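What follows is one structure encoded as structure tokens, with my remarks underneath.
Every number for a ligand or one of its atoms is a count from 1 in the order of the listing. None of the values given here were measured: they were computed from a predicted structure.
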Amino acid sequence: MDYKYVDDAREQPGLRLALTMGVPGPWSQAAKYLFEYKKYPFIAVGQKGAQDNPELFAWTGHRNAPVAVFEDEAPRVGWYEIVMLAERLAPEPGLVPGASAERAEMFGLITEIASEGGLAWQRRLAMIDVMRAAIPDPAARQLPNTLAERYGYSSAAAAKANGICADILAMLAAKLEAQAGRGSDYFVGGEFTAADLYWACFSQLVAPMAEDRNPMPERLRGPYTAPDSLVIAPILLDHRERMYERHLTLPLDF
Ligand SMILES: N[C@@H](CCC(=O)N[C@@H](CS)C(=O)NCC(=O)O)C(=O)O
């Protein structure tokens, strides 16, 4: 990925996407794939994970990623508003169903995957414990400590995280089973939607793909990998394989 500095991007026209550099941060990956899938051009701006990012903050009011800035419109940071921006800028190929019932279903699924309190949020809480345990020197725990401060960590919340993840993963698997029974490989209806794209990206936070397809830093592979106690039904991983094969590029680029 060719990342620009904030100062080189902020006066540029069009779409600027601040994305976390060097790690397959699933929110950033999903935002990137939305626009790549739609072949809508953007300037990638580098955000440094768990750092202050003062230039990004001065420009957008945010230190984390993704942040989507289109022309002189207000910066967008939530996954929902970034999906809707992508649909507006490039309606075709669509990633949001036209029928309201399917739309509600699709946004509900992504909420469970990507919103506050959802699968990735809980995985991050659990990951903070794993990262802290892996770094013996407390003074060297800047990454997990910053994530803890930013994303509502408490040991009580982390203790509940795996149970919530298990429930969401089981729900996603049941949804795919039901869809398979109707002859669909996709989460909603019969076509690729943003829910498929989000699951493909966020699955990396429970079962990262191997090095050749997900060349992430080795020290993060352990924390990104869900514990054995968390059941990841094969249908979930088969689904993400198909989505990358049919609709998304590999290897991951971050
Ligand atoms: N605002 C996003 C979530 C963004 C988010 O959680 N970003 C994390 C991904 S791990 C991040 O940038 N973490 C590193 C950091 O805080 O610098 C949404 O609600 O869709």
Side-chain angles (χ1 to χ4, degrees), residues 1 3 6 16-35 44-70 73-87 95-96 106-132 141-153 157-158 161 164-165 168 194-195 197-206 208 214 216-217 219-226 252-254:
M1 181 66 57
Y3 290 108
V6 166
R16 278 72 43 79
L17 266 188
L19 305 170
T20 306
M21 291 187 285
V23 294
W27 287 271
S28 286
Q29 283 286 294
K32 181 191 78 113
Y33 276 122
L34 288 173
F35 293 99
V45 181
Q47 183 260 3
K48 295 180 189 145
Q51 296 191 30
D52 280 349
N53 296 284
E55 300 84 2
L56 184 64
F57 183 72
W59 177 31
T60 67
H62 297 275
R63 300 187 193 279
N64 72 350
V67 186
V69 188
F70 181 64
E73 295 182 11
R76 290 171 168 83
V77 295
W79 64 263
Y80 171 76
E81 52 184 3
I82 297 176
V83 169
M84 294 313 284
L85 177 68
E87 286 296 286
L95 282 170
V96 175
M106 188 200 79
F107 283 126
L109 290 169
I110 308 179
T111 294
E112 292 303 315
I113 294 170
S115 288
E116 211 166 306
L119 175 72
W121 184 274
Q122 303 297 339
R123 285 287 303 133
R124 184 164 51 201
L125 295 178
M127 238 168 94
I128 289 167
D129 276 345
V130 175
M131 286 194 274
R132 282 182 172 159
R141 293 180 186 156
Q142 185 263 338
L143 172 63
N145 289 348
T146 303
L147 295 180
E149 268 165 38
R150 284 187 185 171
Y151 301 109
Y153 176 90
I164 300 171
C165 291
I168 296 172
L197 185 154
Y198 271 73
W199 165 247
C201 295
F202 281 71
S203 71
Q204 306 290 343
L205 204 52
V206 289
N214 178 355
M216 64 190 293
R219 74 192 158 86
L220 287 180
R221 191 167 285 281
Y224 265 60
T225 304
L252 302 190
D253 187 11
F254 37 77

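Within the structure, the closest approach of Tyr151 to ligand 1 falls below 4.0 Å when heavy atoms are considered. Using 4.0 Å as the threshold, Gln47 has a heavy atom nearer than that to some atom of ligand 1. Ligand 1 is approached by Ala65 to a heavy-atom distance shorter than 4.0 Å.
Per-residue contacts place Val77 under 4.0 angstrom from the following atoms of ligand 1 (heavy atoms of the residue considered): 1 (N), 2 (C), 18 (C), 20 (O). Close contacts between ligand 1 and Gly78 involve ligand atoms 18 (C), 19 (O), 20 (O) [criterion: under 4.0 Å to a heavy atom]. If you number the atoms of ligand 1 from 1 as listed, the ones under 4.0 Å from a heavy atom of Arg124 come out as 5 (C), 6 (O), 8 (C), 9 (C), 10 (S). For ligand 1, the atoms sitting less than 4.0 Å from at least one non-hydrogen atom of Gly49 are 17 (O), numbered in the order shown with element in parentheses.
Looking from atom 15 (C) of ligand 1 to the surrounding protein, the closest heavy atom is Arg150 NH1, 3.1 Å. Nearest protein heavy-atom neighbour of atom 20 (O) of ligand 1: Trp79 N, 2.7 Å. Scanning the protein for heavy atoms near atom 14 (C) of ligand 1, the closest one is Ala50 N, 3.7 Å. The nearest protein atom to atom 9 (C) of ligand 1, hydrogens excluded, is given as Trp27 CE3, 3.3 Å; this is a heavy-atom distance.
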Taking distance alone, no hydrogens or angles, what donor-acceptor pairs closer than 3.5 Å link side-chain atoms of residues 56-70 to residues at least two apart or in another chain?
{"from": "Thr60", "atom 1": "OG1", "to": "Leu56", "atom 2": "O", "distance (Å)": "2.8"}
{"from": "Thr60", "atom 1": "OG1", "to": "His62", "atom 2": "N", "distance (Å)": "3.1"}
{"from": "Thr60", "atom 1": "OG1", "to": "His62", "atom 2": "O", "distance (Å)": "3.4"}
{"from": "Arg63", "atom 1": "NH1", "to": "Asp52", "atom 2": "O", "distance (Å)": "3.0"}
{"from": "Asn64", "atom 1": "ND2", "to": "Tyr151", "atom 2": "OH", "distance (Å)": "2.8"}

- request: Before giving the answer on side-chain contact (heavy atoms from CB on, under 4.5 Å), spell out for Gln29 and Asp253 the whole-Å C-alpha distance, their side-chain angles and the decisive distance to 0.1 Å.
  value: CA-CA 8 Å; Gln29 283 286 294; Asp253 187 11; 5.6 Å; no

- request: Check step by step if side-chain contact (heavy atoms from CB on, under 4.5 Å) holds for Arg219 and Leu143.
  value: CA-CA 12 Å; Arg219 74 192 158 86; Leu143 172 63; 3.8 Å; yes

Candidate pair Val23 and Met216, rule side-chain contact (heavy atoms from CB on, under 4.5 Å), full reasoning: CA-CA 6 Å; Val23 294; Met216 64 190 293; over 6 Å; no

task: With side-chain contact (heavy atoms from CB on, under 4.5 Å) as the test, would you mind laying out the steps for Leu119 and Trp199 before giving the verdict?
output: CA-CA 10 Å; Leu119 175 72; Trp199 165 247; 3.8 Å; yes

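Considering backbone and side-chain N/O of Gln51, none are found under 3.5 Å from N/O of ligand 1.
For the pair Arg132 and Tyr153, the cation sits on the ring face: its NZ or CZ lies under 6.0 Å from the ring centre, inside 45° of the axis.
No side-chain donor-acceptor contact under 3.5 Å links Gln204 to the backbone of Pro26. Side-chain atoms of Trp121 do not come within 3.5 Å of backbone N or O of Ser115 as any donor-acceptor pair.
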